[in-house]
Amino acid sequence: MKEPTSTTTTTTTATKRRRQEEEEGNNMKKRTTTTAAAAPKKKQKKEALKELVTSFLLLEQEEQQEKLLESSDEIQQLIETNHRQKKQTMIDYYNDLQDDYTDLEQQSDQFYIQQSRLSTANKIAAASAISTAAANKGLSAKEGKVQSGGNQRRLWVKDRSTAWWDQCSHPDYPEADFRKEFRMSKETFNLICDELSKDVVKVDTMLRQAIPVRQRVAVCIWRLATGAPLRHVSERFGLGISTCHKLVLEVCLAIKTVLMPKFLQWPDEEKLKNIEKEFESVSRIPNVVGSMYTTHIPIIAPKISVSAYFNKRHTERNQKTSYSITVQGVVDPKGVFTDVCIGWPGSMPDDQVLEKSALYQRANGGQLKGSWIVGSSGDFLRSVSKKAWEMLKKNIKSE
């Protein structure tokens with residue numbers, strides 16, 4: 001009877017264990033399902049928190065922007081009010097200054113009127129005193145007035161030394177030194193002065209004596225001959241810098257209008273024949289009536305069309321940006337100019353300068369009549385110059 005009881009106990013215990021294991025498995029399944037269901041809820045809570053935080057940040061940023069806008073509006077208002085105040089103060093200052101200037105002008109006008117009255121009275125008294133003194137000494141009143149005018153000149157003109165020009169203009173000044181300074185002889189200088197005397201002469205005034213014609217011409221020629229700055233010209237001739245600049249422009253204009261039409265002319269047929277003979281005797285090239293060359297004169301950069309006056313060759317040679325104008329000249333065997341073309345921009349080639357000159361128009365018009373002008377390789381007559389060179393070589397070989 002004891003054996004059946006043990007088997008029943010073992011079966012009961014086994015069933016209990018199975019029940020417990022099933023209950024534990026069920027519990028584990030419930031826990032996993034609850035955790036799996038809780039995970040999306042946590043994600044939703046996190047996203048909701050993020051949205052709240054971002055909304056709070058956006059609100060804070062909007063508040064800051066509103067504050068900045070309000071502060072910027074206030075600053076702008078302050079700036080506008082400050083500008084208005086400054087503008088008003090400047091207007092008031094300008095009005096006060098203008099009133100002061102009007103008062104000063106009125107006072108200066110009154111002062112000048114008084115001074116003019118005093119000066120006229122002094123002049124009358126001085127003239128009467130000079131006339132009486134001249135009568136006592138046997139001098140004329142006219143000489144006395146001239147002397148008073150010379151003394152009065154010092155009040156209007158600054159005293160400058162003219163020793164250098166007085167020395168150069170003296171008749172005993174050496175010819176070689178004069179030629180060295182002015183790059184021409186005294187005879188040529190006197191000829192220029194005589195030709196330009198009617199156009200550059202000025203009349204003496206009550207305030208000062210006029211600059212003589214010889215000194216006017218000498219200022220321009222010395223400036224052109226040496227290229228010295230106006231400050232040195234002023235020191236040499238005892239004149240003001242602005243006066244020297246004015247004299248250079250006036251004399252240059254007179255040279256262009258008076259001397260160039262008279263002395264710079266294309267030769268007629270008889271002179272062309274003589275020039276051909278002289279060229280043939282010198283170079284043994286027949287039918288040559290002139291020698292042509294184109295050069296450049298450096299200038300300051302102009303305000304208009306700067307690139308047109310840019311000189312590439314001078315810039316590369318001098319390592320400095322250079323500007324120039326062209327000068328095309330034709331000379332006879334004695335070196336006297338017979339044709340000149342001046343003023344085209346420095347960037348223009350020599351052949352284009354030649355095409356725009358009066359010489360080219362003269363050649364197209366048939367005025368050269370089979371004559372030759374010897375030029376460089378950049379000129380349109382380079383084929384003619386080659387023929388001339390071949391003829392020269394044949395003549396040398398034959399001799």
Side-chain angles (χ1 to χ4, degrees), residues 176 179-180 182-185 187-188 191-192 195 221 224-225 227 255-256 259-298 311-314 316-317 324-399:
R179 187 182 291 272
K180 183 179 178 181
F182 293 92
R183 298 181 66 181
M184 65 176 61
S185 63
E187 183 180 359
T188 305
L191 175 64
I192 294 172
E195 293 289 340
I221 291 177
L224 297 176
I255 290 171
K256 179 184 176 182
L259 295 182
M260 284 186 69
K262 186 175 182 180
F263 294 97
L264 189 60
Q265 296 179 356
W266 185 252
D268 53 11
E269 292 183 2
E270 294 181 358
K271 291 181 179 179
L272 285 175
K273 290 179 181 178
N274 296 327
I275 290 171
E276 286 179 1
K277 292 178 182 179
E278 291 177 359
F279 264 115
E280 189 172 359
S281 63
V282 172
S283 60
R284 288 175 288 184
I285 303 175
N287 300 328
V288 176
V289 295
S291 177
M292 181 174 60
Y293 187 74
T294 304
T295 185
H296 292 258
I297 298 175
N311 193 317
K312 184 179 180 181
R313 185 179 297 175
H314 287 190
E316 292 176 353
R317 185 181 63 188
S324 65
I325 59 173
T326 58
V327 177
Q328 175 190 282
V330 180
V331 297
D332 61 6
K334 297 179 181 178
V336 178
F337 283 95
T338 56
D339 185 85
V340 175
C341 180
I342 308 171
W344 291 104
S347 63
M348 188 177 292
D350 294 349
D351 56 349
Q352 293 183 9
V353 174
L354 181 60
E355 290 176 359
K356 294 181 180 295
S357 64
L359 178 65
Y360 187 82
Q361 302 298 328
R362 196 179 292 116
N364 287 336
Q367 297 183 13
L368 295 180
K369 295 180 181 180
S371 300
W372 299 346
I373 295 176
V374 181
S376 63
S377 61
D379 301 323
F380 82 110
L381 293 177
R382 51 182 174 270
S383 60
V384 175
S385 61
K386 286 180 181 179
K387 292 179 181 178
W389 175 244
E390 290 176 359
M391 291 182 65
L392 177 61
K393 288 194 291 183
K394 289 180 181 179
N395 291 330
I396 292 171
K397 288 180 180 179
S398 63
E399 293 180 359

Test log, rule side chain to side chain donor-acceptor pair (under 3.5 Å), inputs Asn311 and Ser324: CA-CA 6 Å; Asn311 193 317; Ser324 65; 2.8 Å; yes

Taking it one step at a time, do Ile221 and Leu224 satisfy side-chain contact (heavy atoms from CB on, under 4.5 Å)? CA-CA 5 Å; Ile221 291 177; Leu224 297 176; 5.7 Å; no

Value for CD1 (Ile192) from CD1 (Ile255), rounded to nearest 0.5 Å, stands at 6.0 Å

Would a distance-only check, ignoring hydrogens and angles, find a side-chain to backbone donor-acceptor pair under 3.5 Å from Thr295 to Val327? no

Heavy-atom pair of closest approach, residues Leu354 and Tyr360: O-CB, 2.9 Å

Residues two or more places apart in sequence or in another chain: which of them pass side chain to side chain donor-acceptor pair (under 3.5 Å) with Ser357? Gln328

Distance, nearest 0.5 Å, that separates CG of Leu264 from CZ of Phe337: 8.5 Å

Let's go through Lys277 and Glu280 carefully: what are the C-alpha distance in whole Å and the side-chain angles of both, what is the deciding distance for side-chain contact (heavy atoms from CB on, under 4.5 Å) to 0.1 Å, and is it a yes or a no? CA-CA 5 Å; Lys277 292 178 182 179; Glu280 189 172 359; 5.7 Å; no

In this structure, CD1 of Ile297 is separated from CD1 of Ile342 (nearest 0.5 Å) by 6.5 Å

How about CZ on Arg362, more than 12 heavy atoms from neighbouring residues, nucleotides or ligands closer than 6.0 Å, or not? yes

Is Ser291 close to Phe279 at the side-chain level, that is, under 4.5 Å between some pair of heavy atoms? yes

Which residues pass the side-chain contact (heavy atoms from CB on, under 4.5 Å) test with Val282, not counting sequence neighbours? none

Residue pair Asp339 / Gln265, side-chain heavy-atom distance below 4.5 Å: no

Gln367 side, atom CD; Leu359 side, atom CG - distance, nearest 0.5 Å: 10.0 Å

Contacts of Lys262 that satisfy salt bridge (charged side-chain N to carboxylate O under 4.0 Å, His left out) - sequence neighbours left out: Glu195

Suppose we screen for side-chain contact (heavy atoms from CB on, under 4.5 Å). Which residues come up paired with Ser185, at least two apart in sequence or across chains? Glu175, Arg179, Glu187, Thr188

Quick one: OG on Ser347 to CD on Gln352, what's the gap to the nearest 0.5 Å? 8.5 Å

Those residues that, when tested against Lys356, pass side-chain contact (heavy atoms from CB on, under 4.5 Å) (two or more places apart): Trp344, Met348

Measure the CH2-OG1 distance between Trp266 and Thr338 for me, rounded to the nearest 0.5 Å. 4.5 Å

What residues form a salt bridge (charged side-chain N to carboxylate O under 4.0 Å, His left out) with Arg313, not counting sequence neighbours? none

Report all side-chain donor-acceptor pairs from residues 267-276 shorter than 3.5 Å, counting only partners two or more places apart or in another chain.
{"unit_1": "Asp268", "atom_1": "OD1", "unit_2": "Lys271", "atom_2": "N", "d": "3.0"}
{"unit_1": "Glu269", "atom_1": "OE2", "unit_2": "Lys369", "atom_2": "NZ", "d": "3.1"}
{"unit_1": "Asn274", "atom_1": "ND2", "unit_2": "Glu270", "atom_2": "O", "d": "3.3"}
{"unit_1": "Glu276", "atom_1": "OE2", "unit_2": "Ser371", "atom_2": "OG", "d": "3.0"}

Of all residues at least two apart in sequence or in a different chain, which pass the side-chain contact (heavy atoms from CB on, under 4.5 Å) check with Lys334? Glu278, Asp332, Val336

